[in-house]
Amino acid sequence: MTDTLPPQYNPSSIEAELYQQWLASGAFAPDGRPRRPPFVIMMPPPNVTSVLHMGHGLTYTVQDVLTRFQRMRGLATLWLPGTDHAGIATQNVVEKQLAREGLTRFDLGRTAFEQRVWDFVRTTGDTIIRQLKVIGSSADWSRQYFTLDEDLSRAVREVFVRLHDKGLIYRGKYIINWCPRCLTALSNEEAEKEEVDGRIWSLRYPLADGSGHITVATTRPETMLGDTAVAVHPADKRYRHLIGKMVRLPLADREIPIIADDAIDREFGTGAVKVTPAHDPLDFEIGQRHRLPAIDIMTPEARLAETVPEAFRGLDRFDGRKRVVQAFEALGLLEKVENHRHGVGHCYRCETVVEPRLSDQWFVKMAPLAKPALQAYRDGRLRFIPERRGEEYANWMENIRDWCISRQLWWGHRIPVWYCDACGKTIVSRTDVSRCACGSVPRQDEDVLDTWFSSWLVTFTSLGWPERTADLARYYPGHVMVTAPEILFFWVARMVMAGCEFMGDIPFHTVYLHGTVRDTQHRKMSKSLGNGIDPIEVVEKFGADALRYTVIAGMAVGTDVILDPNDLETSFAPGRNFANKLWNVGRLVLSNLAGQGDGEAGGEAGRRVVRPLAGEYPDVIHRNELGLADRWIIARCDAMVREATANYEKYRLNEAASAVYHFIWSDLADWYLEQVKPRLYGTQPGGDVARAVVARTFEIALQLLHPVMPFITDALWRRLPGRALGATVMDVAWPRPDRRASDDAAERDFGLVQELVSAVRQIRAEYGVEPGRQVALRISQRHPAFVEEEGTIARLAKVGQVSYGAPLAEPGANAVLKDGTSLYIALGELVDVRKECERLGAEFARLTQLIQTQEAKLANQNFVSRAPAEIVAREREKLASLTQQVASIAEKRQQLGCG
RNA sequence: GGGCGAAUAGCUCAGCUGGUCCAGAGCGCCUGCCUUACACGCAGGAUGUCGGGGGUUCGAAUCCCUCUUCGCCCACCA
């Protein structure tokens with residue numbers, strides 16, 4: 001390791017190579033730690049066909065941070081990755097490709113089409129995985145699965161059969177959400193309700209006996225062609241006399257009855273509802289109750305079907321809507337049109353308006369599965385972060401509805417059901433059925449299963465279930481589930497149910513739901529809005545660590561991450577800058593650990609000095625060899641370890657990151673390294689101690705930061721003296737807080753020195769003292785800290801000469817520290833007595849004000865008697881300090897002869 | 001229609017179990033500096049009725065009520 005580090009950190013030069021080394025070392029697999037307790041995070045499998053977007057960037061970074069943290073703490077950590085075949089999404093992509101060639105899937109036929117998808121998946125399917133590696137994901141790729149793998153497919157069939165045998169899977173004709181573009185059924189969760197500005201039309205239906213009409217209100221007039229009744233509330237006085245009468249349905253020219261049903265809301269619309277059992281869920285139920293016929297008026301593509309009058313056949317549903325309205329208008333039966341805002345279902349994949357449609361589908365009975373899953377939450381065994389999400393979960397579980405699991409697609413797990421047309425038998429089987437008991441050849445159900453029907457099982461199928469594998473025994477149940485709130489119901493809730501049903505235990509105890517990445521207008525990032533950020537572009541420009549730091553730092557628990565797609569610089573510069581800062585701290589530290597001036601780390605001198613510090617805090621350095629600043633930085637470092645560790649544990653990753661950030665940048669770089677430079681550079685006594693403290697605190701900072709910024713921290717750590725070839729920061733034990741490191745006196749005393757340096761700098765800036773010019777400083781009190789750090793004060797505040805004693809009478813600038821110490825800087829011609837009086841006067845007024853409120857507080861009997869003693873004592877101290885400061889200022893003002 | 005969350009510096013947000021962080025960070029802004037680790041930097045500076053109103057308390061940005069404004073989730077009002 002003879003390279004000299006360049007002054008600017010260049011992530012691309014190290015990231016790829018480092019990642020390869022991590023992979024080669026097997027660091028990501030838990031198998032090397034057979035005796036350690038496991039820690040398992042299941043990776044939400046990304047779609048095979050997807051490319052990385054910022055949402056992935058966020059969720060996988062969070063997971064990697066937790067994974068690395070637990071791994072560094074010594075657990076046998078398994079972050080188990082996989083990819084999802086993503087039925088609809090993938091099929092859509094391939095169908096689009098085909099469309100460009102002028103083909104449809106039907107031209108190819110089922111087998112050829114499936115082959116085509118497989119080819120596509122094999123060639124481009126691992127893009128997302130490659131990209132996950134680019135951002136540093138430390139998943140165990142040796143265990144990577146695909147939801148269509150043979151063993152996972154077997155498990156899917158096993159589950160289907162078991163649920164079927166238990167009576168929890170059934171087939172039936174029900175109203176489902178149908179996507180006329182994807183040509184498949186959707187589950188309730190896949191049909192996303194969106195508020196849209198629509199209209200509501202009031203249509204007159206003439207009574208068959210010619211005695212008048214009844215007016216119905218509808219948002220989908222075209223469906224009237226499939227009406228088989230008009231319903232009113234039984235107690236509605238306006239209509240009671242019409243119940244049982246017939247209506248002459250316009251256009252369709254059919255007679256339909258007026259019926260009474262409790263489900264009708266008298267307040268809404270006209271209080272009379274057209275009933276279309278084949279195209280509306282509520283109407284379907286009403287139809288069931290009243291044994292109404294259901295007329296399907298639409299083709300799968302949502303065009304008006306053969307069942308409607310010729311004039312309307314073949315029209316798209318929206319054109320049909322216009323034509324129906326026009327027809328009503330022409331007949332004088334259109335009563336009114338109003339604007340109406342309402343929720344309309346949209347396909348979660350292609351955003352097409354969903355059409356409720358009557359069809360034969362397979363369903364899972366959910367209520368029995370939900371019971372134990374809900375109980376786990378009620379018992380406190382399953383916990384949500386943020387907590388309020390738990391109530392959403394419980395609410396969904398309590399009102400759960402059956403799950404439509406069949407999809408009219410070709411890409412996915414084919415439903416393991418065979419129908420024998422000869423004897424009418426239905427066969428549900430784990431293995432393919434080629435012959436029915438009656439001797440004839442049955443046909444398999446054409447449909448495939450919902451994508452989520454395989455992904456809800458992955459917490460155990462990815463470990464080998466239904467086989468009793470060693471992995472399954474060791475890694476189930478897992479621990480934490482990290483994901484976006486959007487798929488709480490799609491996936492998380494169902495995984496809990498599947499875990500309870502098939503493994504007898506919940507699959508994880510903590511569900512951490514992080515925020516969403518949004519743009520500055522708080523809109524979700526999406527392709528269609530064009531407001532996305534490409535994480536790979538960010539990595540290329542700023543490095544993976546910068547990307548990771550930015551999303552982690554921007555994410556408080558339960559809040560969204562706001563990034564500006566139009567200004568990557570502003571969004572990611574903090575991360576890049578921090579990486580660069582750390583890099584340069586590293587340059588300074590490393591170039592001085594190996595002895596002076598050779599710019600190379602790991603030399604004999606460095607090795608000799610640093611080795612004794614490899615473990616805990618420097619016991620080897622006797623306390624009396626440590627200077628004030630050394631004791632201070634060790635104490636600060638220890639505080640950082642406590643804070644960062646605690647926050648990692650509590651999933652407050654932003655707090656953890658900021659604790660380390662603050663330590664590295666403010667404490668270590670701005671103060672300690674500046675303080676220690678002379679000892680570092682020179683050969684003066686204390687140099688060894690300084691190097692040891694620098695090396696140890698720097699190493700700890702690298703460790704604590706590694707989960708968030710793995711590349712740069714490992715790159716620097718490896719360059720520390722005495723590292724074996726190929727050793728990585730991931731191998732070292734996570735630092736433990738050390739009581740011996742805390743040092744209140746050092747924190748207080750070095751704090752005074754900092755305050756003093758700042759005060760002098762402030763005066764210099766205010767009076768415009770030239771940067772190069774040294775000033776003479778007089779300190780009222782010969783505090784040991786000032787004496788010890790005189791050199792530091794001199795260098796950092798550009799002070800030429802320090803003396804102690806009462807302020808001098810001649811004009812100069814003054815300041816008072818919190819402990820009452822007064823400072824005086826002779827500035828000669830630069831000082832304007834009047835200005836100085838003003839400054840001191842303002843300070844005097846400010847402090848006097850504070851003293852008044854402080855005195856009032858302490859004069860309050862209620863406060864003194866009721867507040868805890870230590871609070872009162874603290875307030876007294878504060879008052880004493882303020883009083884002292886004011887006295888010093890008053891004295892000085894008198895000296896200067898201020899009014 | 002139900003349930004829930006958020007309103008703090010110009011911007012994006014921290015502030016976890018009411019009292020040291022006399023209200024913080026990053027970015028942006030102003031002033032001065034290429035000080036031999038870093039100009040992706042250093043030093044200094046400005047800006048807040050902690051959404052409005054009420055209450056509990058010795059004490060509230062922090063707890064309660066209410067109003068206003070945003071946002072989320074759920075729901076078969078056609």
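Residue numbering restarts at 1 for every chain, and letters A, B, ... go by the order of the sequence lines. Hydrogens, waters and symmetry mates play no part in the numbers below; they use all other heavy atoms, side chains included.
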Spacing of the C1' atoms in A9(B) and G26(B) (rounded, Å): 12 Å
Atom C1', compared across C29(B) and C38(B): separation rounded to whole Å: 23 Å
Parallel, tilted or perpendicular: ring planes of F542(A) versus F572(A), cut at 30 and 60 degrees: parallel
Pairing stems for RNA chain B [at least three consecutive pairs; Watson-Crick or G-U; under 3.5 angstrom]: B:1-7 with B:68-74, B:10-13 with B:24-27, B:29-33 with B:41-45, B:51-55 with B:63-67
Parallel, tilted or perpendicular: ring planes of H514(A) versus Y512(A), cut at 30 and 60 degrees: perpendicular
Expected output: side-chain R652(A) to main-chain Y648(A) donor-acceptor under 3.5 Å: no
Euclidean distance, atom CD of residue Q774(A) to atom P of C33(B) [Å, nearest integer]: 18 Å
Between C27(B) (P) and F542(A) (CZ): distance, integer Å: 14 Å
Inter-nucleotide C1' distance (G48(B), C13(B)), Å rounded: 14 Å
For atom CD1 of I552(A) and atom C1' of G26(B), their distance in whole Å: 16 Å
Sugar-phosphate, base or nothing in reach of K541(A), heavy atoms under 4.0 Å: nothing
Distance-only donor-acceptor test (3.5 Å): side chain R587(A), base C38(B): no
Option from W583(A), Y9(A), F663(A), Y661(A) for which ring pair (Phe, Tyr, Trp, His ring centres under 6.0 Å) with F578(A) holds: Y661(A)
Touch class at under 4.0 angstrom, heavy-atom based, for R576(A) against every strand present: base
Sugar-phosphate, base or nothing in reach of W665(A), heavy atoms under 4.0 Å: sugar-phosphate
Touch class at under 4.0 angstrom, heavy-atom based, for D564(A) against every strand present: nothing
Within 45° cone of W671(A) ring axis and under 6.0 Å: R761(A) NZ or CZ: yes
Residue met sooner reading RNA chain B from 5', once E766(A) and A669(A) are mapped to nucleotides: A669(A)
Under 3.5 Å donor-acceptor, E190(A) side chain and S187(A) backbone: yes
Candidate nucleotides C40(B), U35(B), A14(B), ranked by approach to the side chain of K798(A) - the nearest: U35(B)
Touch class at under 4.0 angstrom, heavy-atom based, for Q861(A) against every strand present: nothing
Closest nucleotide among G15(B), A37(B), G44(B) to the K581(A) side chain: A37(B)
Sugar-phosphate, base or nothing in reach of Q762(A), heavy atoms under 4.0 Å: sugar-phosphate
Nearest-Å distance once atom C1' is located in both A25(B) and C64(B): 30 Å
Atom P, compared across G28(B) and C73(B): separation rounded to whole Å: 33 Å
Qualifying residue for side-chain contact (heavy atoms from CB on, under 4.5 Å) with V517(A), from I533(A), V551(A), L563(A): L563(A)
Separation between the P atoms of U69(B) and G52(B), rounded to whole Å: 15 Å
Selection from G19(B), C33(B), C22(B) that lies nearest to any side-chain heavy atom of P771(A): C33(B)
C1' spacing across the pair C4(B) / U17(B), given as an integer number of angstrom: 22 Å
Matching residue for T276(A) among I286(A), D227(A), L282(A) - test: side-chain contact (heavy atoms from CB on, under 4.5 Å): D227(A)
Closest to side chain of I871(A), choosing from G19(B), A37(B), C40(B): G19(B)
Under 4.0 Å protein heavy-atom contact, by nucleotide of nucleotides 70-78 of chain B - B base, S sugar-phosphate only: ---SSSBBB
Y393(A) ring center near F489(A) ring center (under 6.0 Å): no
Sugar-phosphate only, base, or nothing, as touched by S758(A) at under 4.0 Å among non-hydrogen atoms: sugar-phosphate
Parallel, tilted or perpendicular: ring planes of H340(A) versus F268(A), cut at 30 and 60 degrees: perpendicular
Nucleotide A37(B), atom P - distance to CG of N10(A) in whole Å: 21 Å
Distance, rounded to the nearest Å, where Y549(A) contributes OH and C13(B) contributes C1': 12 Å
Interatomic distance, R576(A) atom CZ to L547(A) atom CG [nearest 0.5 angstrom]: 14.0 Å
Atom C1', compared across C50(B) and A23(B): separation rounded to whole Å: 7 Å
Euclidean distance, atom NZ of residue K677(A) to atom C1' of U35(B) [Å, nearest integer]: 8 Å
Atom-to-atom span, CD of E655(A) to P of C16(B) - whole angstrom: 9 Å
Backbone N/O of L5(A) and side chain of R587(A): donor-acceptor pair under 3.5 Å: yes
Nearest-nucleotide pick for N577(A), side chain only, options being G44(B), C38(B), C27(B): C27(B)
side-chain N/O Y681(A) vs A37(B) OP1/OP2, d < 4.0 Å: yes
N/O donor-acceptor pair, side chain E674(A) with base A37(B), under 3.5 angstrom: yes
Closest nucleotide among A37(B), C27(B), A43(B) to the D670(A) side chain: A43(B)
E755(A) CD - U20(B) C1' separation (whole Å): 14 Å
Sugar-phosphate, base or nothing in reach of A867(A), heavy atoms under 4.0 Å: base
